[in-house]
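Report on one structure; see the data block that follows.
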Amino acid sequence: MLQGRRILLIIGGGIAAYKALLLIRLLRAEGAEVVPVLTKGGGEFVTPLSVGALAGGKVYRDLFDLTDEAEMSHIELSRAADLVVVAPATADLLAKMAAGLADNLASTLLLATDKRVLVAPAMNVRMWEHPATRRNVEQLQADGILFAGPGEGEMACGEFGPGRMAEPEEILGAIGAALGEGPLSGRHVIVTSGPTHEPIDPVRYIANRSSGAQGAAIAAALRDLGARVSFITGPADVAPPGGVDVVAVETAREMEKAVQAALPADAAVFAAAVADWRVENASDSKIKKDGKGALPRLELAENPDILAAIAGMKKGRPRLVVGFAAETDDVVANAAAKRARKGCDWIVANDVSPKTGIMGGAENAVVLITGDGAEEWPRMGKDAVARRLAARIAEALG
Ligand code: CTP
């Protein structure tokens with residue numbers, strides 16, 4: 001799949017550097033040429049000998065190496081690649097990139113390159129969540145840097161949470177997508193995500209507990225398979241992934257408009273937890289207590305059902321329409337009925353009763369309901385659910 005492509009692989013100094021060795025093998029098995037750059041820190045975790053042996057060539061290490069510089073200058077090195085990949089991308093490397101520093105070979109190559117850059121961050125969860133790293137990631141996304149992961153899970157340091165480097169297979173998928181080689185390249189997929197906020201007055205609203213984690217993961221997984229993704233999101237806790245077209249909305253009605261505007265699409269995935277009702281008599285000014293104990297009366301009106309509207313389109317309907325069903329009882333029966341009622345092709349059903357910890361949590365246990373029946377998937381991370389669903393979508397679109 002990557003025959004003749006040249007990847008400049010920068011290996012940063014993190015424990016996940018060992019996974020970079022596996023990535024080199026996977027890339028070479030796909031026919032890519034790998035030009036490795038091992039940072040000083042990276043060299044503390046994996047040896048130049050292993051990197052060079054697996055890459056089948058020279059390992060670049062030093063900015064001021066006269067022999068290297070005579071053979072190929074760092075400027076040439078940064079440009080003679082189809083894609084620059086940083087794995088693992090440490091907090092320090094991301095900070096250098098965001099600030100535009102060029103104080104060693106890796107950061108200089110990253111500043112000098114005219115090619116796309118894909119980073120696979122790997123760090124402790126506190127470092128990933130630190131405001132400084134958040135700022136740097138936001139800056140890099142705005143600069144058009146592509147991200148693979150990080151995933152959530154147990155880390156080498158014993159802590160748990162986001163920061164674990166994406167698995168080599170996932171990085172390989174992201175590399176394929178960045179080079180326009182994925183099974184969904186040339187396809188357009190709409191993904192809705194997050195909750196909606198329905199105003200009561202300018203300061204109050206009706207909302208729900210959706211974090212937007214599953215929708216964001218699905219958008220990222222589809223992007224990694226090469227799709228162009230329109231990501232239409234309500235006010236979610238989880239930041240939207242990089243490399244997708246983000247449309248931020250507040251209310252169900254805004255979300256519906258944004259979905260309509262994003263059409264046509266090959267597929268649409270409705271992962272948003274859209275509020276079923278809005279406040280019909282929402283006030284333009286803040287509702288005040290009247291001092292006599294009179295309670296405000298909220299009149300509710302039903303929101304448009306976006307999924308049903310798109311699934312029911314007579315003309316220009318996306319070929320595959322996927323809905324979600326958040327249920328607390330009789331998950332399969334209710335979800336199958338919902339599939340029929342809404343006219344969508346598939347329903348991804350999950351049990352969101354509080355005991356499952358799914359709503360707002362890192363994991364999901366889903367049943368995929370298609371025209372062929374119900375398929376129970378084992379409980380797994382929301383990222384893994386997303387990748388599996390994206391792969392199924394790629395298969396269905398053929
Ligand atoms: N959905 C939508 N627009 C709405 C409500 C829901 O697009 N106004 C979509 C959701 O994104 C999801 C699916 O419909 O893909 C199911 O949503 P859910 O809230 O579980 O179903 P409801 O239609 O609300 O049914 P019920 O309240 O009976 O569970």
Side-chain angles (χ1 to χ4, degrees), residues 189-199 205-219 222 229-236 238 240 247-263 265 267-280 282 300-313 317-318 320-354 356 358-360 364-370 374 382 385-386 389-390 392-393:
V189 185
I190 296 173
V191 178
T192 70
S193 179
T196 62
H197 285 182
E198 307 296 333
Y205 55 82
I206 296 178
N208 61 63
R209 292 185 199 282
S210 164
S211 65
Q214 186 64 81
I218 291 168
L222 290 163
V229 179
S230 293
F231 183 64
I232 299 164
T233 175
V238 172
V247 185
V249 298
E250 290 262 332
T251 66
R253 286 196 292 180
E254 286 169 13
M255 186 172 274
E256 187 191 31
K257 259 199 212 133
V259 169
Q260 295 284 3
L263 287 169
V269 181
F270 294 88
V274 185
D276 287 322
W277 306 282
R278 67 176 176 277
V279 181
E280 179 91 300
L300 297 182
E302 195 161 323
N303 267 329
D305 190 321
I306 311 168
L307 168 62
I310 300 299
M313 284 171 76
R317 178 191 192 273
L320 184 69
V321 177
V322 183
F324 270 68
E327 305 288 348
T328 52
D329 311 280
D330 296 330
V331 177
V332 173
N334 277 328
K338 198 168 281 181
R339 173 176 174 271
R341 195 167 67 241
K342 301 214 181 199
C344 55
D345 303 297
W346 298 352
I347 283 267
V348 181
N350 49 15
D351 184 347
V352 292
S353 20
T356 64
I358 282 172
M359 202 115 180
N364 209 347
V366 311
V367 182
L368 178 68
I369 296 172
T370 70
K382 287 185 176 171
V385 169
L389 183 66
R392 288 293 290 267
I393 291 171

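Each residue takes its place number in the sequence, starting with 1. First listed ligand is number 1; within each ligand, the first listed atom is number 1.
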Hey, is the main chain of [Y] close enough, under 3.5 Å, to the side chain of [X] for a donor-acceptor pair?
X      : Y      : value
Asn208 : Ser210 : yes
Thr196 : Ala275 : yes
Glu254 : Glu250 : yes

Return the residue, atom name and 0.1 Å-rounded distance of the protein heavy atom closest to atom 16 (C) of ligand 1.
Phe324 O, 2.7 Å
Of all the heavy atoms in Lys342, does at least one lie under 4.0 Å from an atom in ligand 1?
yes
Ala326 heavy atom under 4.0 Å from ligand 1:
yes
Taking Arg278 first and then Glu302, would you say they form a salt bridge - that is, a charged N and a carboxylate O separated by under 4.0 Å?
no
Go through the steps to decide whether Arg341 and Asp305 satisfy the test salt bridge (charged side-chain N to carboxylate O under 4.0 Å, His left out), and finish with yes or no.
CA-CA 11 Å; Arg341 195 167 67 241; Asp305 190 321; over 6 Å; no
Please identify which atoms of ligand 1 are closer than 4.0 Å to at least one heavy atom of Ala272.
10 (C), 11 (O)
Per-atom contacts of ligand 1 with Gly323, taking only distances under 4.0 Å to non-hydrogen atoms:
15 (O)
Shortest heavy-atom approach to [atom] - which of [options]:
atom                    : options                        : result
atom 21 (O) of ligand 1 : Met255, Lys338, Arg341, Glu327 : Lys338
atom 5 (C) of ligand 1  : Leu307, Val274, Asn208         : Val274
atom 27 (O) of ligand 1 : Asn303, Val321, Ile310, Asp276 : Asp276

Quick check on Arg253: does its CZ atom have over 12 non-hydrogen neighbours (other residues, nucleotides or ligands) under 6.0 Å away?
no
Under 4.0 Å, heavy-atom basis, I'd like to know which part of Pro304 is in contact with ligand 1: side chain, backbone, both or neither.
backbone
N/O separation below 3.5 Å, Ile306 to ligand 1
yes
side-chain contact (heavy atoms from CB on, under 4.5 Å) partner of Ile190, chosen from Leu222, Leu263, Val269:
Leu263
